[in-house]
Every structure is written in structure tokens, then in C-alpha cells.
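Single-structure report; data block below.
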Amino acid sequence: MEIAFIHEGERPAESASVAMILPGNRLIQPKEHLMKCRTLSKEMGIPVVTAPFAYEGGAAMAWIGKGQEILQQACFPDDGFQKGGDVNVFDTPWGPAALCCDADIFQPQYARLAAFKGCKCLMASTARIRIDSVCEYMPEDLPACGDRGLFFVGPWASAQANGIAVAAAGRTGGALILPCALTPRGSGLGESGFDPADLARAHREFPVYESMNPKLYERYRKELEA
Amino acid sequence: MIHWLARQLSESLRRRLSEPKLKKAFAVLPDRPAKPDVRPFQPRSAGDQSPVRVCAVQAEVKLYSSLEKMAADIDRFFSDAQDHQTELICFPEFFGMLPLGLLPGVRFGLRMLNKFKKRTPESSQEAKAKSVRKNKEKTGPRQIPPLPELLQPFDFLQNRYTELMARFAKRYGMYVSCGTLLAPENGKVYNRHIFLGPDGSVLGIQDKLHLTETERELGISTGDALSVVPTPIGNIALMVCMDASYFETFRIAKHLGAHYAIVPIGDMAEFQPWLALRGTQTRVSETGLAAIKSALVSKPSFPMVFTGRAGIWFPLSSGKKSIEAPQHNSSTAVYGEIDLVPQHKNDLPGCRTNPAFDRRYAEELIKKSKDFTKQ
């Protein structure tokens with residue numbers, strides 16, 4: 001699976017298997033955006049993931065593929081916006097995937113629930129982060145790196161905490177994040193595509209679910225739901 | 001045979017950590033005159049919301065030939081912390097197991113292991129491991145008694161180690177996170193974090209909640225409750241190492257009213273900065289809690305590998321710069337201040353709620369974690 005991160009109106013490289021449209025600074029109006037994405041998908045013969053757009057008093061994004069349109073409402077939007085209630089995990093030729101609209105990527109329970117539902121690749125889009133030259137990032141930068149830090153707290157952490165791939169589209173670019181064990185430098189960064197079958201290897205390196213503590217979660221269910 | 005050996009070693013250790021031996025070790029600790037520019041320690045008055053001065057210890061694992069030497073090393077951490085007017089000092093995971101190194105048998109065994117490691121080239125070690133595996137396949141796994149049985153004779157260690165650290169707590173008037181030790185109890189073993197008040201009393205105990213694969217294989221048991229200890233220096237969530245890899249632990253701590261968390265670590269792997277990033281550093285920004293991470297480290301010459309960087313971590317939204325030890329394999333300490341009154345904006349990126357979604361998530365979390373841990 002190779003993901004191209006493009007601005008609206010651009011065309012992805014021929015080698016891309018999915019195109020993700022980078023988010024705008026403001027929620028875009030859906031009608032024209034969806035039409036453009038449908039056209040692009042048809043012309044290129046690949047699925048297109050839209051940028052977040054205004055939808056029924058809230059925000060949403062969509063996966064537009066051949067005969068397959070999936071809508072995902074934002075579940076943790078800004079105050080005053082309508083909230084979605086669940087994450088939809090859907091089948092793609094590359095395995096189960098899910099969409100993650102705007103600030104939802106900073107809520108760790110969102111990616112966790114997606115992973116529990118079988119998601120192997122979470123496609124997140126938010127203008128709150130700026131992604132540029134992610135391969136240059138070093139963990140030492142984190143304490144002082146402002147919204148680059150948000151990149152680690154949101155998309156990067158979601159990939160590591162759940163052993164899944166996260167395709168993150170930000171204001172100025174996008175990045176595919178994999179579990180650390182799957183990338184040569186161990187950073188989880190720097191890859192343009194991935195084979196979902198490799199995620200099993202990452203899981204062997206860090207068997208995140210086997211170390212969970214159901215008794216703890218049961219005892220503090222109220223706190224986890226709060 | 002192995003039970004007999006464990007009993008002999010435990011008796012020897014019991015003698016080495018006896019009350020008179022502790023007294024003697026403290027009697028020879030050097031008196032360090034207070035530095036003129038350091039104001040004397042004043043206990044915090046009730047309702048004082050000023051920032052808490054904390055110290056995260058990064059301690060090197062060592063084999064001590066005497067309790068006096070060990071106490072002198074620990075004393076140096078306290079004494080330096082006192083110079084920084086520290087109210088809370090935090091020691092790393094497994095730090096309470098260091099007294100085991102006082103046993104000549106343990107020192108001898110680890111030295112032999114080290115010599116063997118040095119002499120045996122990597123390829124030859126691999127060949128040996130292969131032959132052990134082959135042998136295992138032929139004869140079945142070797143019957144080693146389970147860890148709880150082996151450690152049962154050492155059940156006094158928790159009390160003796162606590163007593164040792166309580167003496168330091170009183171000597172310096174500090175709150176002390178003693179780090180952890182393996183504590184046998186009712187036929188089980190826990191990786192246990194002990195927290196003391198400045199008068200040496202035990203204020204909190206926390207058994208590790210999320211175990212590593214190795215710990216699970218060794219038969220260590222998990223705790224099933226999270227301690228948030230209310231103190232004049234804030235409500236403190238006690239955790240252990242991999243608990244910080246799970247945002248659930250921090251989320252629970254936050255909702256139980258914690259101001260910050262203490263996370264002692266003792267990572268038995270080569271240092272990998274990216275892997276180190278996936279715990280505490282991320283959790284604080286998701287929840288708005290601060291965290292203190294103490295680390296056990298080893299020199300390359302030590303037969304076991306422990307790496308990590310002690311640090312004090314603040315949420316990104318607080319605008320406060322987190323502090324981390326520059327090296328991952330040498331002794332040091334990190335000092336900083338933690339605000340009891342949150343400095344961050346209310347709208348943390350990870351602190352939004354959606355009751356319907358969160359209920360669904362909690363339900364699925366409990367169900368799936370039961371399924372996974374049964375496998």
C-alpha cells in the first residue's frame with residue numbers, strides 16, 4: 001500500500017495506491033470537494049481520502065473508492081460541533097482501515113477502538129499539525145518542538161500504542177507512520193508504503209494487547225469512560 | 001537443591017541486612033555540612049500550592065561488597081538532592097533488588113557470566129544457545145521451580161529495604177519513591193513500587209499493572225488497583241515502567257485526581273530513543289499530568305543490560321520544557337519543579353470527551369483485553 005499526500009487539485013504519482021488530500025486551515029465545504037475527489041478517484045483508478053469537511057453541524061471525512069464511499073464523522077470535535085459516536089472500520093484491498101477526522105487523532109481511545117475493531121491502517125487528517133521532513137525528527141526535539149510535538153503525541157503515538165500503521169495528513173504534508181520495529185532506523189518514520197502482513201512482526205516485538213490488564217480496566221471502568 | 005540454595009542465600013542476606021548492620025552502615029555515613037547558600041529544609045505547610053521540587057535518580061546497577069558502600073552511594077543521591085532543596089526523590093525500578101548483590105554467591109555468579117560473555121565471541125554464544133535449544137527439544141524444558149517459590153525465602157527483603165530507605169527519608173526529611181523490588185506474597189510475586197513519607201512511613205504501595213513478556217513468563221503477577229497517594233506535595237500516582245506504555249493508566253490516574261505520576265523504569269534492553277519515546281513522554285501530553293521517570297542503568301561491563309534516561313516530563317500544552325538526562329548508561333540525577341496548579345490551557349488535545357464513544361471504547365477494552373490475556 002503506497003499513500004500519496006497531495007493538495008486538492010494535484011495529481012498523485014502513478015505508483016500511488018491511495019491518495020490523501022491534505023487538510024485546509026478551515027473546514028472546507030463538502031459539495032465541490034467531494035465532487036473533485038470522486039473525479040480524481042475515477043481518473044486515477046485509486047481510492048481517495050478527502051480532507052475534513054463540514055458535515056451536519058460537525059466535521060467529517062470520507063474514503064471514496066470504486067463503488068465504495070465511507071463517511072467518518074469527527075467524534076471529538078471543537079465545542080459546539082455535533083459528535084460522531086463510533087469509528088467505522090471498513091475493508092480495503094490492503095486490509096481493514098479506518099478514518100480519523102481532525103482532533104480525534106489526539107484522543108488515544110480513538111485509535112485503540114479502531115485497532116480493537118481490526119483496523120490495520122488509520123488514515124488521519126488534521127490541520128493542527130504541520131508535517132515536514134519527518135525523517136529529520138529526533139526524539140530529543142520533542143520537549144521543545146511545538147506542533148511537531150503534537151505529531152508525536154497524536155499520529156506517531158497511535159501507531160506505536162496499537163501496533164498499526166497511521167497515515168497522517170497535516171497542513172503542509174503527510175507521513176506514513178509504522179510501528180518502530182518495521183522501519184530501518186527504528187523511528188517508525190521514513191517509509192512511503194507498507195505491507196499489512198508485516199504488522200504481525202511488529203506485534204511480536206511489542207505484544208501490546210497481551211500485557212493489558214482487564215481487572216484494572218474493569219475496576220476503573222467509570223474513570224475510563226469519564 | 002535449588003530450594004536449599006535459595007534458603008541459604010536468603011539467610012545470609014537476612015544477616016547482612018539486619019538491624020545492627022543497618023545501624024552500623026548509617027553510623028559511618030559522612031556528615032555533610034549544609035552548604036551556606038542552601039536554605040535548610042522546611043516541611044511544607046498545609047495548603048501550600050507552590051511548585052514541588054523533585055529529583056529523578058538515574059542509578060547505575062552495581063554489585064556492592066558491603067552494606068556500608070551501598071548506603072554511602074545512596075546517601076550521595078540524597079545529599080545532592082538536598083543541595084537542590086528537593087522534597088521528593090525517586091529511585092528506579094528494581095533498585096530494591098540491589099541488596100541481593102551483597103551476596104557473594106550472586107556477585108560470583110554475575111562475574112562468571114560477565115567473564116563468559118567477554119571471552120565467548122558472539123558466534124560461539126549463538127552456537128551455544130542453539131545447542132541448548134536442541135537439548136531442550138530432546139529432553140523437554142528444564143524443570144526450574146517457579147519464581148514465587150524461589151523468592152519466597154526472600155520475603156523479608158521488602159521490609160528490610162523499606163527500613164533502609166525510611167532511614168534516609170528521615171535523615172533528609174524527603175518523600176521517597178523507593179523504586180521497585182520483586183515482592184513475594186501469598187504464593188505470588190509482584191514488581192512492587194514503595195512510596196515513603198519524610199517520617200519514613202509507608203504512604204503507598206503499587207504493584208506493576210502491565211507486565212513485560214519476560215515478567216509474564218517468569219510468573220510475576222499484576223496488581224489490579226492504581227494508587228494515587230494524597231500528600232501535601234500533591235496527589236501522586238504510583239506506576240511502574242511499562243504501565244506508562246498504556247494511556248489507560250494515566251487516564252485512570254487523572255480521573256482519580258492525580259497531579260503527577262512517578263514512573264520508575266529498569267529497561268533490560270539496549271537504549272533506543274524512539275522506543276523510549278512511546279511511554280511517559282506521550283502520556284503526559286495526552287492527559288495534562290506531569291511525570292517523573294527514574295531509571296536503572298548499567299555500564300557495558302555489567303553482565304546484565306539496563307538502559308534508560310531519567311527525566312521530568314511536562315505536557316506540551318504547558319509550554320514547560322521537559323528535562324531528560326543526557327546519557328542512558330551512567331549515574332546522574334535530574335532536578336525540576338512540578339506545578340500543583342496546572343499551568344496548561346484547558347483544551348489539551350487529548351482531553352476531550354464523548355460519553356457515547358468513551359463507553360463503547362471502555363466496553364471493548366475490557367472485552368478485548370480479557371480475550372487477549374486468555375490466549
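Just so it is clear, the values below take in all heavy atoms, side chains as well, and ignore hydrogens, waters and symmetry mates. We name chains A, B, ... by the order of the sequence lines, and we start the count at 1 in each one. None of the values given here were measured: they were computed from a predicted structure.
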Shortest non-hydrogen contact from [X] toward [Y]:
X: Leu275(B); Y: Cys180(A); result: CD2-CB, 3.6 Å
X: Ala362(B); Y: Arg221(A); result: CB-CG, 4.4 Å
X: Arg219(A); Y: Asp224(B); result: NE-O, 2.9 Å
X: Arg283(B); Y: Ala157(A); result: NH2-CB, 4.4 Å
X: Ser285(B); Y: Val153(A); result: CB-CG2, 3.4 Å
X: Thr373(B); Y: Pro214(A); result: OG1-CG, 3.6 Å

Measuring from [X]:[atom1] to [Y]:[atom2], what's the distance to the nearest 0.5 Å?
X: Leu113(A); Y: Arg360(B); atom1: CG; atom2: CZ; result: 8.0 Å
X: Glu225(A); Y: Arg251(B); atom1: CD; atom2: CZ; result: 9.5 Å
X: Arg359(B); Y: Leu224(A); atom1: CZ; atom2: CG; result: 13.5 Å
X: Phe247(B); Y: Ser158(A); atom1: CZ; atom2: OG; result: 8.5 Å
X: Leu216(A); Y: Thr222(B); atom1: CG; atom2: OG1; result: 8.5 Å

Within the 4.5 Å heavy-atom criterion, are [X] and [Y] side-chain neighbours or not?
X: Asn354(B); Y: Gln107(A); result: no
X: Met242(B); Y: Ser211(A); result: yes
X: Glu286(B); Y: Phe106(A); result: no
X: Leu316(B); Y: Phe152(A); result: no
X: Phe357(B); Y: Tyr110(A); result: yes

Answer with side chain, backbone, both or neither: which region of [X] has an atom nearer than 4.5 Å to a non-hydrogen atom of chain A?
X: Arg216(B); result: side chain
X: Ile252(B); result: both
X: Gln272(B); result: side chain
X: Glu363(B); result: both

For side-chain contact (heavy atoms from CB on, under 4.5 Å), just list the numbers for Phe76(A) and Asp358(B), CA-CA rounded to whole Å, side-chain angles, deciding distance to a tenth of an Å, and then say yes or no. CA-CA 10 Å; Phe76(A) 299 90; Asp358(B) 290 339; 3.7 Å; yes
I'd like to know which of [options] tops the heavy-atom pair count under 4.5 Å against chain B.
options: Lys117(A), Lys215(A), Glu218(A); answer: Glu218(A)
options: Gly186(A), Gly85(A), Pro108(A); answer: Pro108(A)
options: Lys83(A), Lys222(A), Gln109(A); answer: Gln109(A)

Test Glu248(B) against Arg112(A) for salt bridge (Lys or Arg N to Asp or Glu O under 4.0 Å), laying out the working first. CA-CA 10 Å; Glu248(B) 282 83 1; Arg112(A) 185 76 102 210; 2.7 Å; yes
Assess whether side-chain contact (heavy atoms from CB on, under 4.5 Å) is satisfied between Lys370(B) and Tyr217(A), documenting all intermediate values. CA-CA 10 Å; Lys370(B) 276 183 186 166; Tyr217(A) 311 145; over 6 Å; no
NZ/NE/NH1/NH2 to OD/OE distance under 4.0 Å, Arg352(B) and Asp79(A): no
Checking the side chain of Asn213(A) only, and the main-chain atoms of His210(B) only, is there a donor and an acceptor separated by less than 3.5 Å? no
Does any N or O in the side chain of Tyr220(A) come within less than 3.5 Å of the main-chain N or O of Leu226(B), such that one atom is a donor and the other an acceptor? yes
Can you establish whether the number of heavy atoms outside Gln68(A) located under 6.0 Å from its atom CD is more than 12? yes
CD/Glu217(B): more than 12 non-hydrogen atoms of other groups inside 6.0 Å: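 Yes.
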According to the interplanar angle, ranging from 0 to 90°, do the rings of Trp156(A) and Trp274(B) count as parallel (below 30°), tilted (30 to 60°) or perpendicular (above 60°)?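 It falls in the tilted class, 30° to 60°.
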Within 45° cone and under 6.0 Å: Arg278(B) NZ/CZ vs Phe206(A) ring: yes
